[in-house]
Amino acid sequence: MYSSTLSLTAFLAAAGLSAATPIVNSRAVCLEQAPASIGFPINFSITPTNSPLVSFNVPPNSVGPCSLVAKFPAGYPITSSGSNLVNVIAVGGPAPGALVGSVRFASSPDQRTFTTINSFACRPYMEFRLEISRDQANPGSVAFQEVQGAGLFLDIGDNC
Ligand SMILES: *[C@@H]1O[C@H](CO)[C@@H](O)[C@H](O)[C@H]1NC(C)=O
């Protein structure tokens, strides 16, 4: 008993952990959180006159960072016209109204796409506004459905 306690302590020390570190809250965990929504699929339609919100509830005691990502399976249907660059604006948080990223929602015919828009310190409720960029010639539109495995997600943890 003494020797197994000793070797566990030695292992934890070698791993840079103290014996008090709860392993279950290790940063090796990734939680992928779908948007908060009254229903699915979420029908995102982003146009010069429609800038939808996307929001996420972050479970208590989550170990961050919280990364806003866009991902789509191969061949996922996304409709788009004109310039479809989308600006992502923080709602609430430390810098409300700040531009926190830009993204073109696109799928590829033969491979999944994964884009990290930005990473943040986690907060219990995180909300963003999606706006077509007006800095481009011919501001257009983009629309897609959010279903399981496709759309916007909050990846919680640094091993996502
Ligand atoms: C999105 O559109 C589909 C029909 O295309 C509908 O069934 C679904 O309820 C819509 N989602 C929401 C959240 O309203």
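Both ligands and their constituent atoms are indexed starting at 1 by order of listing.
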Between side-chain atoms of residues 86-106 and protein atoms elsewhere (two or more places apart, or another chain), which donor-acceptor pairs fall under 3.5 Å?
from	atom 1	to	atom 2	distance (Å)
N87	OD1	S102	OG	2.8
R104	NH1	N84	OD1	3.1

Tabulating one pair per line, provide the atom names and distances (0.1 Å) for every N/O atom of ligand 1 that is less than 3.5 Å from a protein N/O atom.
from	atom 1	to	atom 2	distance (Å)
ligand 1	2 (O)	N43	OD1	3.0
ligand 1	2 (O)	N43	ND2	2.5
ligand 1	11 (N)	P41	O	2.7
ligand 1	11 (N)	N43	ND2	2.8

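The side-chain contact (heavy atoms from CB on, under 4.5 Å) test applied to T116 returns S67, V69, F114, S119, not counting sequence neighbours. For T47, the side-chain contact (heavy atoms from CB on, under 4.5 Å) criterion is met by S45, T49, N50, S141, not counting sequence neighbours.
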Step-by-step side-chain contact (heavy atoms from CB on, under 4.5 Å) determination, Q33 to I156: CA-CA 7 Å; Q33 188 77 331; I156 303 171; 4.2 Å; yes
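Annotation for A150 and P73: closest pair CB-CD, 3.7 Å, computed over non-hydrogen atoms.
Here F56 and F120 keep their ring centres 6.0 angstrom or further from each other.
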